[in-house]
Each structure stands twice: as C-alpha cells, then as structure tokens.
Amino acid sequence: MTMTDPERIPVIIGVGQVNDRPADPDDGLDSLGLMVAALNAAADDAGVPLADIDSLAIVDQISFHHLGKLCEPLAAAIGATPAINYQSAAPHGDTPVRLLNEAANRVGAGEVKLAAIVGAEALRTAAGRAAKAASGEDKSYNAIRQVATRREPNYAQKHGLAAPVDVYPLYENATRAAWGQSLEDAQFESAEIWSRFSDVAAENEGAWIRKPATPAEILRVDERNRPIAFPYSKLMVANSSVNQGAGFIVASLAEAWRRGIPEDRLVYVGMGAAAKEPPGILARDRYDHSVSMETAITRTLALNGMAAEDFDCVELYSCFPCVPKMARRILGWPWDRPATVFGGLTFGGGPIANYMSHAIVSMVQKLRAEGRYGFLFANGGFATDNHCIVLGSEPIAAASFPQDFDYQPEAEAKRGPVPALVEDYAGPAAIESYTIFYSRDGAPKAGVVVARTPEDKRTLAHVDVSDAAMLAFLTDGTREPVGTKGQIVALDDGFGWRVA
C-alpha cells in the first residue's frame, strides 16, 4: 500500500562526511571526533539543529574500541538528548543500511520525526598512537584495541581462514569456475570494475584516494601492489588505513516541509530487504553463489517494483571483487557502468563497517544533482550479511513503512544442502575452492584447499607452497583447479593437498 501521509514518509534531509589526514597521524581525530564532525556537517547541510533529533543510531567502530559505547558521549558532544539512542551490536558492513531502514521504519510508525545515523573509523590515528605507545613516546596511551580473550582456533582458522581477506578469495575462485571464466578473464573483469571505482573516487571530494588507476595498474603485481590472498592484490582489497566519518539525517516528509527544506534537497527512502549466510564459513551450501545476497537484491527490486534499468546509479559493496561481481549479475547491472557513487572500499576508503554511510551520503548528493533512483547493496562479515535499499529524488510509489525487511526464511528456502564436515580426512577429493596467502614481501607463505570427498563431504587441506609445481597449478591460470581431483594425505602437521 502506498504511503500518503507525509508524517509517515521518510526522507533524507542532510548528509555529511569528513576525511581527516594531518601530516602526523597521531594528530588526527579519534572515532568520536569524526562522528561529531560528520553529524555537524549533516546538520549544516539540512539546516536543522542536532539538538532537535529524536533518534541517534551509531555504527560500531573498532579503531578506538576502548572508548566503549559512544551513545552518551556523542549525544552530549552534539548537544542532543534523543529518546532513542543506540549503537549497533557489532561492526558489519551492512550496518549503515540497516540503521537507515530502521530509521525509516520509525518515521513510518510515527515514532520519530528526526533521526540521525553516523559512524566513523580512525585507524590511521590509532596506528600512529599505537606506534608511539610501543616505542615508549606516549606513556599515557595504553592501547587502541581491547585485546580479545585468546581462544583455541577452530578448524577453519587452523587452516588460515581467519579474516575476511582469507575467505572472500574462496568465493572469487569458485565463481570464476562456475561462470566459465579463465583466470585472465576474471582478473580483467575485476580490474575493469576497480578502475571505474578509482575514476569515481577521483571526482569525489569525500574519497580517500583520488588518483585514477588503469586496469593495467590494478593487475600489475609489484612492490606497490603486492599480492594479498590469491587472486587478490593490494589494489583489489579494502583500504582500512583511513580516518573517515559519515552521517545523515532522516526526517518525515511533513517535518521537512515544516522546516522549509526545499523539495530538490529531499531524497526519498524506498523499501529494503536483508538476509544472511550462516556465520560459519564451512556451513555454507556453496561458494559460487549466495542465496542471501540473491534474496536481498531480488526482494528489494520486487518491493519497490523496479528493475536494474530503473536506476541511474548503484552502490555495490566492494570489499573484494567477488562481491560486486556476484551482485551485479543478480541485479543485472552492466560491468561497464560504474558500480559505485563513492569510489569503492579501495579508493573511496574502507572505514570497516561505516563504508555504506559514505555511499549513502554520496548517493544523496548524486540524486540531488541528477537522476531519479539509486540502488544500495551492502555486504558484511565473511560474505555473511546482506541488506539492500532504494533511494529516490522523487517519491517511490511502492514504499510503505514500517516494513519487515528480514527475508531470512525466503533465503533459507532457496539454500541447497550443506555438505557434512569431516576434519580428519585422508584420501581422494576434488577441489571446491582454494586460496594462497602471501607475506608482506610478496612471497607465498601458506595455502588452503576446500575439498569435497567422494561422499560429498567437505574438508580442508594445507597447500605446500614450497612445491613450485603445486603453486603454479593453483595460480598460473593454465588449468582451472576448481573441480580437479587430487589426494589429501596425512602429514605430521595436519593434512596436505596433492595433485592427482
């Protein structure tokens, strides 16, 4: 049912973002300072005082984690006493879009008239201060991050699958094989998309790296673009060494009118949809597709009554190339059109969970200047969390709030069988996916194969990177490793992969 009551129609009325890069990183703002600066910029953009907000939602941050919950300090710093004041439970890449959808729901339910959403990361400052603390220069600075309780690594972590940069290559290599691409073709697609990201970032004052990079530069592996995890190099992964903050203000349409905000400054919020993969990476049904991503994207299109051709611009989350490559195929977005309005997590900047706040800011600015509709796709965790939403420079006819944006049951209905996991396996197997990990000097340091047994169970095996023939087989592109058969053999330090 179309919303007709302006008191219940959510619109974005103000946006703001900040880059903080003093010559000495130690002189930079912390995460709280960046949030204050971003919200002040958004308030200036909207022409409304922050003291008037009813709701304040914060994207959790990691760079100054010892500060704890920032709800009360931030509210005090901006002179606000919002009735609703909360921080996300964890820093995931989909969080800003979820917080936007929650704000739209509260406006649609008549609970709030003005809602602010903000996030920031100051990892550049944190690294500078940590370095001084380690050298003894700064006796007052104890630690930037809280040290997590040490736990026994699980099965995946023992094989090197501990961080997102370790896991996303599994999707990259599996999708390449599933799409019938050669390694050269797949890498070319990634480089073309990333080069367009760099072009967008070069024109965006809010981006961190404003220097275009050609596809050839992105593909060239050297000391400035070292390999990270096969097949990704530094210019293909998120750049988190930034000090960036971004925020935006959502209001009811009626409140925007009461405050005299011109129509051409308003951006309407459309419907959203979210779904997740299982948190355990070895509990996924496959690595060449994500049913939760598919559900979030296709359901968002259906809810808004739109298709790819209706959008003038999109933001497809870009922590690693496999994500926008999968998303654009589901959405139907051409590879030769920019898949970002901000610049991507490599060039725009990768402030951990807050990237999509910058994307929202940039999309609002884009839609104010030109175009009717934009599509936002966010991804977080280990290819785990997906949340999409639509924005428009004009009303979105199908939009109706509050809405239930959780489409997990639909995603689960699409999910294929998850293979049973066997941890101590030796014998014949076939490669389901794999990656190689590299040291900072560019030398291969380890590798892992995700394999399927003849009984279609899933298992892991180490790769001996000192075996030149093995390394070449997995990385030179002469033959597609995914799907090939081999042997897993018991070794003194675990189980290793051998080519058949």
Side-chain angles (χ1 to χ4, degrees), residues 155-156 158-162 165-191 218-222 225-234 236-237 281-282 284 286-288 320-322 325 419 422-423 425-500:
Y155 179 59
K158 288 177 180 178
H159 284 79
L161 300 174
V165 71
D166 310 321
V167 174
Y168 281 90
L170 301 182
Y171 281 87
E172 180 71 36
N173 291 317
T175 54
R176 178 190 68 236
W179 298 334
Q181 290 182 307
S182 67
L183 176 62
E184 181 181 12
D185 288 343
Q187 290 293 87
F188 178 77
E189 180 185 350
S190 297
I218 293 167
L219 287 171
R220 184 170 58 245
V221 175
D222 54 27
N225 187 29
R226 61 186 176 87
I228 304 293
F230 183 81
Y232 295 148
S233 58
K234 186 177 180 180
M236 290 183 179
V237 303
I281 61 172
L282 298 180
R284 313 279 170 90
R286 52 199 288 192
Y287 302 109
D288 60 3
F320 304 95
C322 61
K325 286 162 74 171
V422 54
E423 297 190 8
Y425 175 81
I431 295 178
E432 183 177 10
S433 194
Y434 68 99
T435 189
I436 303 295
F437 310 119
Y438 297 88
S439 301
R440 293 191 65 85
D441 63 2
K445 63 179 181 180
V448 62
V449 164
V450 183
R452 294 288 190 99
T453 72
E455 296 78 28
D456 208 30
K457 296 180 179 180
R458 180 176 284 154
T459 192
L460 300 177
H462 292 296
V463 172
D464 180 4
V465 294
S466 68
D467 184 336
M470 171 80 72
L471 196 62
F473 167 68
L474 292 173
T475 63
D476 68 11
T478 303
R479 180 183 174 193
E480 177 54 66
V482 173
T484 60
K485 295 181 179 179
Q487 290 282 330
I488 297 176
V489 297
L491 304 171
D492 292 341
D493 59 349
F495 294 83
W497 177 261
R498 295 289 182 270
V499 178

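This chain uses plain numbering: 1 for the first residue, then up along the sequence. Computation of the quantities below employed the complete heavy-atom set of this structure, encompassing side-chain atoms and omitting hydrogens, waters and symmetry-equivalent molecules.
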For Asp493, does the CG atom sit with more than 12 other heavy atoms under 6.0 Å from it, leaving out its own atoms?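 Yes, because the 6.0 Å sphere around CG of Asp493 holds more than 12 heavy atoms from other groups.
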I'd like to know if the side chain of [X] reaches the main chain of [Y], judged simply by a donor and an acceptor atom lying under 3.5 Å from each other, with no hydrogens or angles considered.
X: Ser182; Y: Asp185; value: yes
X: Tyr232; Y: Pro169; value: no
X: Arg458; Y: Leu282; value: yes

Between Tyr287 and Tyr171, how do the two ring planes meet: parallel, tilted or perpendicular, split at 30° and 60°?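 Plane angle over 60°, so perpendicular.
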For residues [X] and [Y], report the shortest heavy-atom separation together with the two atoms involved.
X: Val463; Y: Leu474; result: CG1-CD1, 3.8 Å
X: Ala426; Y: Ala490; result: CB-N, 4.2 Å
X: Phe437; Y: Leu161; result: CZ-CD2, 4.1 Å
X: Arg498; Y: Leu491; result: NH2-CD2, 4.0 Å
X: Pro454; Y: Pro428; result: CD-O, 3.2 Å
X: Phe473; Y: Ile431; result: CE2-CD1, 4.2 Å

Decide yes or no on side chain to side chain contact (heavy atoms under 4.5 Å, CB included) for Thr484 and Arg479, but give the supporting numbers first. CA-CA 9 Å; Thr484 60; Arg479 180 183 174 193; 3.7 Å; yes
Can you check side-chain hydrogen bond (donor to acceptor under 3.5 Å, both in side chains) on Lys325 and Ser190, steps first, answer last? CA-CA 8 Å; Lys325 286 162 74 171; Ser190 297; 2.8 Å; yes
Roughly how far, to the nearest 0.5 Å, is [atom2] of [Y] from [atom1] of [X]?
X: Arg176; Y: Ser433; atom1: CZ; atom2: OG; answer: 8.0 Å
X: Leu460; Y: Tyr434; atom1: CG; atom2: OH; answer: 15.5 Å
X: Gln187; Y: Gln181; atom1: CD; atom2: CD; answer: 9.5 Å
X: Tyr155; Y: Ile281; atom1: OH; atom2: CD1; answer: 11.0 Å
X: Asn173; Y: Glu480; atom1: CG; atom2: CD; answer: 7.5 Å
X: Thr478; Y: Leu183; atom1: OG1; atom2: CG; answer: 9.0 Å

Determine which pairs satisfy side chain to side chain donor-acceptor pair (under 3.5 Å) with at least one residue from residues 442-453, sequence neighbours left out, and list them in order.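 Sorted pair list: Glu432-Arg452, Arg452-Asp456, Thr453-Glu455.
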Which of these passes side-chain contact (heavy atoms from CB on, under 4.5 Å) with Tyr438: Asp441, Thr435, Ile436?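 Filter result, single survivor: Ile436.
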Taking the six-membered ring for Trp, are the ring centroids of Phe495 and Tyr425 within less than 6.0 Å of each other?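 For Phe495 and Tyr425, the ring centres are not under 6.0 Å apart.
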Pairing residues for Ser233 by the side chain to side chain donor-acceptor pair (under 3.5 Å) criterion, not counting sequence neighbours: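 Checked Ser233 against side chain to side chain donor-acceptor pair (under 3.5 Å); matches are Asn225.
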List the steps and the verdict of side chain to side chain contact (heavy atoms under 4.5 Å, CB included) for Met470 and Asp464. CA-CA 7 Å; Met470 171 80 72; Asp464 180 4; 5.7 Å; no
Pair Ile488, Val449 - check side chain to side chain contact (heavy atoms under 4.5 Å, CB included), show working. CA-CA 10 Å; Ile488 297 176; Val449 164; over 6 Å; no
Do Pro231 and Thr475 make a side-chain contact, defined as non-hydrogen atoms from C-beta onward lying under 4.5 Å apart?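 No; the side chains remain at least 4.5 Å from each other.
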Check the pair Ile218 / Met236 against side chain to side chain contact (heavy atoms under 4.5 Å, CB included), numbers first and verdict last. CA-CA 7 Å; Ile218 293 167; Met236 290 183 179; 4.0 Å; yes
